[in-house]
Protein chains: 2
Amino acid sequence: MISQAMEDYLKAIYKLQQTMKPVPTSALAEHMNFSPASITNMCKKLAELNLLHYEPYQGVVFTEAGLQVALEIIRHHRLIELYLAKALNVPWDQVHAEAEKMEHVISEDLEDRMAEALGDPQFDPHGAPIPSRSGKIFRVESETLTDMDAGNTFVVVEVNDEDSELLRYLGTIGLYPGTELLLVECAPFDGPLTLQIGEEQHNLGYQAAKSVLVAPKDTSQEQL
Amino acid sequence: MISQAMEDYLKAIYKLQQTMKPVPTSALAEHMNFSPASITNMCKKLAELNLLHYEPYQGVVFTEAGLQVALEIIRHHRLIELYLAKALNVPWDQVHAEAEKMEHVISEDLEDRMAEALGDPQFDPHGAPIPSRSGKIFRVESETLTDMDAGNTFVVVEVNDEDSELLRYLGTIGLYPGTELLLVECAPFDGPLTLQIGEEQHNLGYQAAKSVLVAPKDTSQEQL
DNA sequence: CCAAATTTTTAAATTCTCCCAAATATCGTT
DNA sequence: AACGATATTTGGGAGAATTTAAAAATTTGG
């Protein structure tokens, strides 16, 4: 009943509705790299299935049912990412692509077994929270590194999992969720940020820094 | 280029061409539960891609390229089955359904990691041989239990992985690949077979017994 | 508050995989 | 060697997911 394409739409809508409600079809079109027409078509279908509220020209909002479906897929995705990283040592810059395909095909039973093998984990390898089986998700307080002031110490909460190359680079400088860093300097006009990680200093481009979410050191949540 | 549907066709053709060459489209239609017309269509496409030799009314035969693609998918399938059974304790009657979906989406890299985690295994949980990375597969000498004579002892080599209910039953009587059994009696007219497994005796229906492949005890190959 | 620019939807077309019904080829008998 | 039964292909069509191009609605700016 719910096709793989539909699942991808719901996942994309979930991502966008964190910053905009309702989600305009144009935002979806850009995010998914589909034509606006495709988006309208599919949103109508999803509204038919009572997964979305859809008002022409107004964009879409989740129904409760739609939100639960989206969270279930996201749970699949993040559990798979963590499982691959932990159990099979898949590099953290590759788990996203792999999970992107597997999330649509694993059974609930297999998901449960992976969750159990991992000890019901709370976060994926990029620091994103894993929804619970019952569809609850906890948002960790955090802001993007580019919004922080120089001179303070932070803990990395989460990094964007979609850019494999970026992840590989962040790995080489040791910037993982849980890592502590000192923001030494922020160059003006969206320039690079100077970070102190352990004993070493690194310059991180503005675009890269935008996809790093941090929390002030003192109020930091502990995670594995 | 090669769609999931095409992969399913190649897998089915591999299965059938073990007993018939060339494979008639009707056999494929029956095995895959598609109409004969669908089969003809797809076989033409696969022939276009140089994966099959297709002669109208004569059926299909693999090209070398087609055979390699088929073996790669089968390797995916069987490695996944074994991995799920061993690493995540998925019951052996469920691994087939799970692998059927996952086989189409895992990367070669992930496959390698699973193979490595399992120590480059030779057989899946049902005793079927796993093709090597380079596409070689070893056929273990075996015959179906219904063709054997009463009074002899055999080792189970392989059981059909497609019937979940049957596998569950075989599990309850302890009939796994590697299990030793004494064929006590074969009722005539395709009647049930009486087996001695360990201390217990069981009656196995003729249809069920047909999907159990065995080898004489003395010449049996060792497998984990 | 109207016209231009933008966004969104509608409509028609495409590709893929499948189906059904009809036409055609093959095969076993006699 | 021709007939009937069976197997196979052809042709046409349907549904899903996408596209492009054109039409319609909304927003924006003077």
Side-chain angles (χ1 to χ4, degrees), chain A residues 1-17 19-62 66 69-70 73 100-101 103-105, chain B residues 1-17 19-62 66 69-70 73 100-101 103-105:
Chain A
M1 199 81 211
I2 297 179
S3 69
Q4 188 161 321
M6 290 173 181
E7 292 183 355
D8 285 333
Y9 273 82
L10 293 175
K11 209 163 40 122
I13 292 166
Y14 183 86
K15 174 132 196 181
L16 295 176
Q17 57 97 53
T19 48
M20 40 183 125
K21 288 182 191 178
V23 179
T25 54
S26 56
L28 267 173
E30 182 171 358
H31 185 72
M32 302 187 76
N33 250 299
F34 288 158
S35 72
S38 308
I39 306 291
T40 299
N41 271 325
M42 184 57 94
C43 285
K44 277 195 203 166
K45 280 189 206 164
L46 292 172
E48 286 273 304
L49 293 173
N50 286 308
L51 298 171
L52 296 179
H53 295 297
Y54 165 60
E55 288 293 331
Y57 297 96
Q58 304 304 304
V60 294
V61 179
F62 275 127
V69 173
I73 302 160
E100 200 74 3
K101 297 175 293 173
E103 66 190 3
H104 301 294
V105 303
Chain B
M1 200 80 212
I2 297 181
S3 68
Q4 188 161 320
M6 289 176 182
E7 292 183 356
D8 285 332
Y9 273 82
L10 293 175
K11 210 163 39 123
I13 292 166
Y14 182 86
K15 175 135 197 180
L16 295 176
Q17 58 97 53
T19 48
M20 40 183 126
K21 288 183 191 175
V23 179
T25 54
S26 55
L28 266 173
E30 183 171 356
H31 185 72
M32 302 187 78
N33 251 300
F34 289 157
S35 73
S38 307
I39 306 290
T40 298
N41 270 327
M42 184 56 94
C43 284
K44 277 193 202 166
K45 281 188 206 163
L46 293 172
E48 287 272 304
L49 294 173
N50 286 309
L51 299 171
L52 296 179
H53 295 296
Y54 165 62
E55 288 292 330
Y57 297 97
Q58 304 305 302
V60 294
V61 180
F62 275 128
V69 173
I73 303 161
E100 200 73 4
K101 298 174 293 173
E103 66 190 4
H104 302 294
V105 303

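Every chain is numbered from 1, with letters handed out A, B, ... down the list of sequences.
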Atom CD of A:Gln4 and atom C1' of D:dA16 are separated, to the nearest Å, by 13 Å
Whichever of B:Gly59 and A:Asn33 has the more 5' nearest nucleotide on DNA chain D, that residue is B:Gly59
A:Glu55 CD to D:dA25 P, in whole Å, measures 16 Å
CD of A:Gln58 to OG1 of A:Thr25, rounded to nearest 0.5 Å, is 10.5 Å
From CD of B:Glu7 across to P of C:dT17 the rounded distance in Å is 11 Å
Across all chains, not counting sequence neighbours, the side chain to side chain donor-acceptor pair (under 3.5 Å) partners of B:Ser35 are B:Ser38
> Below 4.5 Å, heavy atoms only, C-beta onward: do B:Phe62 and B:Leu52 meet side chain to side chain?
Replying inline: yes
note: B:Phe34, atom CZ; C:dC20, atom P; distance rounded to Å ~ 12 Å
Ordered by number, residues from residues 19-30 of chain B within less than 4.0 Å of DNA chain D (heavy atoms) are B:Pro24, B:Thr25, B:Ser26
From CE of A:Met6 across to P of D:dG15 the rounded distance in Å is 14 Å
Across all chains, not counting sequence neighbours, the side chain to side chain donor-acceptor pair (under 3.5 Å) partners of B:Lys101 are none
Sorted by chain and residue number, the side chain to side chain donor-acceptor pair (under 3.5 Å) partners of B:Glu7 (sequence neighbours excluded) come out as B:His104
Separation of C:dT7 atom P from A:Tyr54 atom OH, nearest Å, is 16 Å
To the nearest angstrom, the OH-P distance between B:Tyr57 and D:dT10 comes to 7 Å
- Item | Any A:Met42 side-chain heavy atom under 4.5 Å of A:Leu28 side chain | no
To the nearest 0.5 Å, atom CG of A:Leu46 lies from atom OG of A:Ser3 at 8.0 Å
(request) Kindly indicate whether the side chain of A:Ile73, heavy atoms from C-beta on, has any atom under 4.5 Å from the side chain of A:Asp8. (result) no
Just checking B:Pro56: base, sugar-phosphate only, or nothing, at a heavy-atom cut-off of under 4.0 Å?
sugar-phosphate
Counting only side-chain nitrogens and oxygens, does A:Tyr9 get under 4.0 Å of the OP1 or OP2 atom of D:dT18?
yes
Sequence neighbours excluded, the answer for side chain to side chain donor-acceptor pair (under 3.5 Å) partners of A:Lys44 is none
In whole angstroms, the gap separating C1' of D:dA17 from CE of A:Met32 amounts to 11 Å
Residues of residues 37-51 of chain A with a heavy atom under 4.0 Å from any atom of DNA chain C, listed by number, are A:Ala37, A:Thr40, A:Lys44
